[in-house]
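Before any comments, here is the structure.
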There are 2 protein chains.
Amino acid sequence: MHGYELRKQLNLVLGSFRALSYGSLYPCLRALAARGWITAAESPDAPPHALAVKRARIVYRLTPEGAEHLRAVLSSAGPSSWEDENFDVRFALFGRTDAETRLRILEGRRTRLTERLETIRQSFQRTRERMDEYTLELQRHGLEQVEREVRWLDDLIDHERGTRRARATDVGRPADVDPAEDALRPGPELKERG
Amino acid sequence: MHGYELRKQLNLVLGSFRALSYGSLYPCLRALAARGWITAAESPDAPPHALAVKRARIVYRLTPEGAEHLRAVLSSAGPSSWEDENFDVRFALFGRTDAETRLRILEGRRTRLTERLETIRQSFQRTRERMDEYTLELQRHGLEQVEREVRWLDDLIDHERGTRRARATDVGRPADVDPAEDALRPGPELKERG
DNA sequence: GTTAGCATGTAAGGAGTTACATGATTTT
DNA sequence: AAAATCATGTAACTCCTTACATGCTAAC
């Protein structure tokens with residue numbers, strides 16, 4: 001697929017929560033090519049109504065190394081997969097992620113959010129006296145949002161466990177994730193070195 | 001107040017949704033001083049247990065110009081006040097904002113979110129066929145979050161209208177905001193020029 | 001025949017963060 | 001004596017955006 005089309009597709013699927021501009025897409029594609037994960041080939045591919053296309057489109061294709069790296073990233077379930085910056089993208093790719101990894105990411109995300117809940121509740125207790133009604137209401141609303149997100153995750157985890165039809169006794173077990181797995185984190189692919 | 005203490009206070013009150021590092025706080029304070037909105041004075045102010053404080057703390061104070069600018073910013077209700085980046089901070093300062101401005105910001109925010117709702121719903125309709133269950137679930141959840149936020153705003157707007165005991169016939173009227181008012185937007189105060 | 005869309009790309013800037021450097025003071 | 005906390009600051013870097021430059025093709 002070439003860059004222009006790729007961006008349209010990405011913004012269509014992820015658009016509501018994750019947009020992307022050309023200024024970051026094209027350098028990113030070149031960085032991926034420099035790492036050998038994709039190849040960039042000029043294509044005289046004919047669009048519907050054109051006899052001759054002067055402006056060559058650059059068609060990007062995944063290399064075997066890229067496919068392997070993608071597979072590794074999709075099967076990793078370390079901290080970076082459940083942080084705010086990455087969780088939604090990882091979730092959007094759950095269709096290509098195995099059940100084990102899906103469950104670990106959901107559990108990691110849940111643990112992360114309950115930790116945050118504790119932090120918020122503590123600062124809520126400490127500062128309640130000194131704050132006006134609006135600041136209080138804002139914090140209350142933020143707390144509620146996170147609580148709701150945890151319940152959403154609970155439903156998803158239940159669903160994942162249900163579809164697996166195994167480990168019926170495992171409910172309530174903590175995440176149990178090896179932090180070392182996060183060595184294969186998706187990370188930014190924008191660096192020029194490599 | 002001096003920088004170190006200021007940051008502690010800020011992270012205590014806003015910490016759950018807006019943190020701040022020294023790397024941005026100190027340059028920001030100097031930029032504000034350069035604009036004449038605050039003064040920076042070395043203070044040999046004695047902390048509780050010290051007889052002599054060698055390391056002078058820099059105490060920042062609002063100038064009359066700074067106070068006036070702050071007043072102007074707090075009474076502005078343009079687009080920047082209800083965008084994602086600013087709304088929460090503006091809301092946290094509602095205790096120092098007049099009722100008229102509070103209502104306008106809440107209405108502007110509500111309009112902004114309902115617009116977003118439309119965009120999400122449309123892309124939802126267009127792409128529903130091509131997407132797997134997880135992407136769909138993510139979008140459904142995102143939609144629900146925004147819908148909930150709109151209902152939260154509705155409650156707040158009702159409350160604001162209730163406490164004003166005026167304009168009883170105004171319910172349902174659109175935001176009615178002069179875009180020119182946003183000339184006084186809070187914006188980033190980090191620029192060195194000025 | 002001009003506007004709109006396709007297609008690739010660069011330069012500059014924005015709004016921060018992390019990591020470091022420095023040094024005093026208080027607690028353990 | 002070591003470690004934590006107070007206090008200020010800088011350099012480098014991150015990740016992304018906006019605005020621009022270029023030139024084609026399709027639609028009105």
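Just so we're on the same page: letters track the sequence lines, and every chain starts at 1.
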Whole Å only: how far is the [atom1] atom of [X] from the [atom2] atom of [N]?
X      : N       : atom1 : atom2 : result
Q9(B)  : dA7(D)  : CD    : P     : 12 Å
E5(B)  : dT8(D)  : CD    : P     : 9 Å
R57(A) : dT25(D) : CZ    : C1'   : 12 Å
L6(B)  : dC6(D)  : CG    : P     : 15 Å
R7(B)  : dG9(D)  : CZ    : C1'   : 14 Å
L32(B) : dA15(C) : CG    : C1'   : 15 Å
D84(A) : dT17(C) : CG    : P     : 14 Å
H2(B)  : dT5(D)  : NE2   : P     : 16 Å

**Message:** If you compare all heavy atoms of V150(A) against all heavy atoms of L117(A), which two are closest, and at what distance to 0.1 Å?
**Reply:**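 Result for this residue pair: CG2-CD2, 4.3 Å.
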**Message:** For a quick test of reading the model, state the closest non-hydrogen atom pair linking Q139(B) to S123(B) and the distance between them.
**Reply:**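 Minimum heavy-atom contact is OE1-OG, 4.2 Å.
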**Item:** R7(B) charged N/C atom sitting above Y22(B) aromatic ring, 6.0 Å / 45°
**Value:**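 Yes; both conditions hold, so R7(B) lies above the ring face of Y22(B).
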**Asked** Nearest to the side chain of I58(B) - dA7(D), dT8(C), dG9(D)?
**Response**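 Closest of the options to the side chain of I58(B): dG9(D).
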**Asked** S21(A) side chain: which of dT18(D), dC6(D), dG9(D) is closest?
**Response**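 Among dT18(D), dC6(D), dG9(D), the one nearest the side chain of S21(A) is dT18(D).
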**Residue mapping more 5' on DNA chain D - nearest nucleotide basis, L20(A) or G3(B)** =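 Nearest-nucleotide comparison on DNA chain D picks G3(B).
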**Request:** Map Y60(B) and K8(B) onto DNA chain D by nearest heavy atom, then report which one ends up closer to the 5' terminus.
**Result:**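 The residue closer to the strand's 5' end, by nearest nucleotide, is K8(B).
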**Prompt:** About how many Å separate OG1 of T111(B) and CH2 of W82(B), when rounded to the nearest 0.5 Å?
**Reply:**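 Answer for the CH2-OG1 pair, W82(B) versus T111(B), is 7.5 Å.
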Below 3.5 Å between N/O atoms, which protein atoms pair up with nucleotides 10-12 of chain C? Just atom names and distances, please.
{"from": "dT10(C)", "atom 1": "OP2", "to": "R30(A)", "atom 2": "NH1", "distance (Å)": "3.3"}
{"from": "dT10(C)", "atom 1": "OP2", "to": "R30(A)", "atom 2": "NH2", "distance (Å)": "2.6"}

**Message:** One thing to verify: whether E118(B) and R121(B) come together as a salt bridge, which I'm taking to mean a side-chain N less than 4.0 angstrom from a carboxylate O.
**Reply:**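 Salt bridge present between R121(B) and E118(B).
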**Message:** Less than 4.0 angstrom between a side-chain N/O of S24(B) and OP1 or OP2 of dA15(C), yes or no?
**Reply:**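 No, no such contact exists.
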**Asked** Do the side chains of I38(A) and L6(A) join up, straight or via other hydrophobic residues, at under 4.5 Å, putting them in one cluster?
**Response**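 Linked within one cluster.
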**Prompt:** Would T101(A) and R90(A) count as a side chain to side chain contact (heavy atoms under 4.5 Å, CB included) if you check the C-alpha gap in whole Å, the side-chain angles of each, and the deciding distance to 0.1 Å?
**Reply:** CA-CA 10 Å; T101(A) 308; R90(A) 286 303 299 270; 4.1 Å; yes
